[in-house]
Amino acid sequence: MIQKKICMVGAFAVGKTSLVARFVESIFSEKYHTTVGVKIAKKALNVGDQEWHLILWDLAGEDEFLQIRTSYLRGSAGYLLVVDGTRRATLDTAVSIQQRIVDAVGPIPFVVLFNKSDLTNEWEIANDAFEGLSHKGWSWLKASAKTGEGVDEAFLTLIAKMPEG
Amino acid sequence: MPNLPAPVQAYVHKHLLAPHAPAYLLIHQDGRLVAWGGELAMYGMTDLQPGSAVEQQVPVLAGLFPFDRTFLYIPCIETASGLFADFHIFPADAGVWVLLLDVTADAVQRRLLQQKANEMVLLQEHYTTIFGRPLEQDVAPNPVRSVRGTMMTASLLAQTLAALDMVVMERNTDGTFHLLSTVPSWFMRLYPEVTTQSEGLRPGDVFPFLEYFLIDAEPFWNAQDTGQLKSGPWSETDQDGNEYALEASAMCLGQHQMLCIAFPKIEFAEQQSIVQKAREERLEHIQLHKEIQKKDILLHCIVHDLGGPLAAISSSLAFLEDEDLTSDGREFLDISLRQASRQQQLIRQILDVFAAEMGAIESFARDPAHAPDAARCVQEVVKALSPAGTAQGIKLQMASSVDVAADWQVVGEQSRLERIIFNLVENALRHSPSGSLVTVALEQAEADVLVAVDDQGPGVAPDVIGTLFEKFSQGKGQKGKAGLGLYFCRITVEHWGGAIGCTPRQTGGTRFWFRLPRPTLH
């Protein structure tokens with residue numbers, strides 16, 4: 001059994017808590033419920049012939065009122081950098097957070113997750129943004145906590161990047 | 001017991017000795033076990049071997065043999081079974097006797113008393129930390145009941161902490177914790193083990209968040225820092241799905257390393273409510289902004305489409321000018337051309353505003369090589385609008401004091417700068433009476449250039465002056481068109497780092513002005 005700590009980080013209201021709820025409990029709520037501090041959840045799953053126990057640290061989103069405490073990332077095997085695809089500015093916030101995480105705990109595996117992919121009419125992220133991320137060597141994918149599309153895949157992509165030891 | 005009558009001996013044996021589960025060991029001077037008996041099984045000594053070294057089976061006796069004393073009493077030793085025993089050791093001819101007597105009840109009582117005493121001290125110190133004053137200040141002295149009263153206060157404090165939704169633990173040297181406070185019900189739901197166990201607790205194993213906080217707390221405790229180290233809030237969910245927002249803090253009270261876990265329901269709810277409200281409003285604002293942008297784009301499309309046919313109409317009307325028309329027909333043609341021209345200006349204004357708002361005017365010059373010349377722009381506008389002024393009986397002029405050969409460069413972009421001046425002059429002409437004068441002046445300052453349009457009109461009403469540069473704002477009399485001209489001027493000037501405004505003139509009329517910074521070499 002492999003136990004790992006994974007953090008969810010990003011701007012406020014990008015859907016971090018919803019992604020955890022979808023991944024852990026397969027549920028979704030339209031209502032926005034702000035997270036204060038850290039919310040802990042656990043998820044066990046099998047990847048190949050290995051059993052993984054993930055401890056998910058859902059960190060409060062960042063805005064002008066609250067800034068994430070990068071010290072919470074310590075001991076983390078990886079993190080999901082969540083962006084709201086319908087709010088372009090949340091990508092800038094994610095990039096800023098990623099840099100601060102590197103400064104605080106060094107380069108640990110992460111995946112950029114563009115949430116709310118079901119809201120195609122309101123999508124604000126242009127293709128050149130994705131190309132830019134790929135050019136930087138960042139892994140990214142689109143997902144929707146509402147429909148569940150891409151959510152498991154995001155966590156599995158992150159797991160694949162994490163060392164098993 | 002030869003001096004005691006048999007009934008007394010029987011009484012002593014039955015009521016004073018037997019309850020203490022006597023057991024014995026007989027040990028050779030070289031430390032080998034010779035014989036044993038009594039209630040040894042109660043002390044966990046069940047697999048004794050004759051001739052074996054006793055210290056391997058009863059570690060407390062290690063190093064005592066050969067026994068060179070007349071008597072040794074070792075009180076209150078915890079045995080393998082968990083019972084506590086007093087060890088009485090004395091030599092005789094056959095060897096060294098070891099008598100064990102159960103004192104578990106006394107030991108538990110002593111430990112409880114010790115714990116209570118420790119709790120009392122700790123809680124008194126914690127009381128001081130929480131309330132900022134010593135407990136003695138709040139407890140009336142009572143010499144007669146001082147001991148009992150103090151014990152009651154410690155108990156009361158333990159319950160008070162629980163009532164305050166606070167769990168207090170002390171860290172042991174092995175890294176485990178023992179409880180000092182009464183455990184609140186919410187904590188039992190999150191950590192059911194505490195209902196049966198108050199010592200040897202490892203909260204980091206139950207709460208992953210605490211596991212990491214305790215890593216931070218350890219150097220804090222070791223440094224014996226004053227104050228407290230707070231974890232920040234985190235949430236846990238019990239088996240029924242109830243969520244608890246908690247916060248831990250580490251502190252040192254003398255030599256004691258304390259861990260407090262609080263469940264600040266009200267404070268957390270307030271904090272969450274404030275952040276939630278602020279963020280909801282922010283999201284609403286973002287959404288509203290998006291809706292406005294969508295409508296602006298729709299408006300732009302409509303206006304742009306209106307402009308296409310209008311251009312064709314204007315061209316066709318222009319061709320009619322070459323036709324042989326009656327005087328009435330020529331008058332109608334003039335009216336049509338004039339109105340078509342006004343319509344085109346209006347459309348251009350709307351599109352200008354849209355372009356400005358959409359950031360299409362991002363490109364502008366800040367350096368002298370490309371910066372526009374304000375005086376030249378004023379000359380162009382005066383030249384373009386003078387015929388219109390003449391038609392209204394208004395004289396339009398550039399102030400005679402302006403030296404056009406001087407350096408009038410400003411930050412901006414030439415065509416937009418001309419548009420700004422054009423709008424201000426056109427606005428002045430529209431509100432000026434026949435026979436009046438409109439003057440465009442320029443003034444230099446160290447860091448910027450002032451452009452001012454002075455008219456001799458009736459002035460701007462005080463109730464609209466504050467909103468004159470807002471979108472869709474119009475002066476009294478509705479002489480404006482779409483209410484976008486001045487708005488366009490403001491957002492463009494501000495975008496270039498300047499300022500715009502209007503002030504009444506002492507001699508009558510109004511001055512509309514704007515300032516733009518001078519270009520710089522860097």
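Predicted, not measured: the structure shown is a model, and the values here were computed from it. Letters A, B, ... mirror the listed sequences (proteins, then strands); counts begin at 1.
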Any idea which donor-acceptor pairs are under 3.5 Å between chain A and chain B?
residue : atom : partner : partner atom : Å
A:Y32   : O    : B:Q276  : NE2          : 2.7
A:H33   : NE2  : B:Q272  : NE2          : 3.3
A:T34   : N    : B:Q276  : OE1          : 2.8
A:T34   : O    : B:Q272  : NE2          : 2.9
A:T34   : OG1  : B:R279  : NH1          : 2.8
A:V38   : N    : B:P233  : O            : 3.1
A:V38   : O    : B:S235  : N            : 2.6
A:K39   : NZ   : B:E243  : OE1          : 3.2
A:G61   : O    : B:R279  : NH2          : 2.7
A:D63   : OD1  : B:R279  : NH2          : 3.4
A:D63   : OD2  : B:R279  : NE           : 2.7
A:D63   : OD2  : B:R279  : NH2          : 3.4
A:E64   : OE1  : B:R282  : NH1          : 2.7
A:E64   : OE2  : B:R282  : NH1          : 2.9
A:Y72   : OH   : B:S231  : O            : 3.0
A:R74   : NH1  : B:D216  : OD1          : 2.7
A:R74   : NH2  : B:Y212  : O            : 3.3
A:R74   : NH2  : B:D216  : OD1          : 2.8
A:R74   : NH2  : B:D216  : OD2          : 3.3
A:G75   : O    : B:Y212  : OH           : 3.4
A:T86   : O    : B:K290  : NZ           : 2.4
A:E124  : OE2  : B:K290  : NZ           : 3.4

Option that, when pairs with chain A are counted at under 4.5 Å, heavy atom only, ranks first among B:L246, B:V275, B:I274, B:L283: B:L283
Residue part contacting chain B, namely of A:I55, when any heavy atom lies under 4.5 Å: side chain
Which residues share a side-chain contact (heavy atoms from CB on, under 4.5 Å) with A:S134, sequence neighbours left out: A:W140
Measure B:F207 against the heavy atoms of chain A and call it side chain, backbone, both or neither at under 4.5 Å. neither
Starting at CZ of A:F114, measure out to CG of A:L141 and round the result to the nearest 0.5 Å. 9.5 Å
Rounding to 0.5 Å, atoms CZ (B:F187) and CE (B:M166) come to a distance of 12.5 Å
So how far is it from A:I6 CD1 to A:L54 CG, rounded to the nearest 0.5 Å? 4.5 Å
Rounded distance [0.5 Å steps], CG in A:D118 versus OG1 in A:T147: 5.5 Å
Between A:D103 and A:Q99, does any side-chain donor sit less than 3.5 Å from a side-chain acceptor? yes
Identify the two heavy atoms, one from A:F28 and one from A:A145, that lie closest to each other, and give their separation to 0.1 Å. CD1-O, 3.4 Å
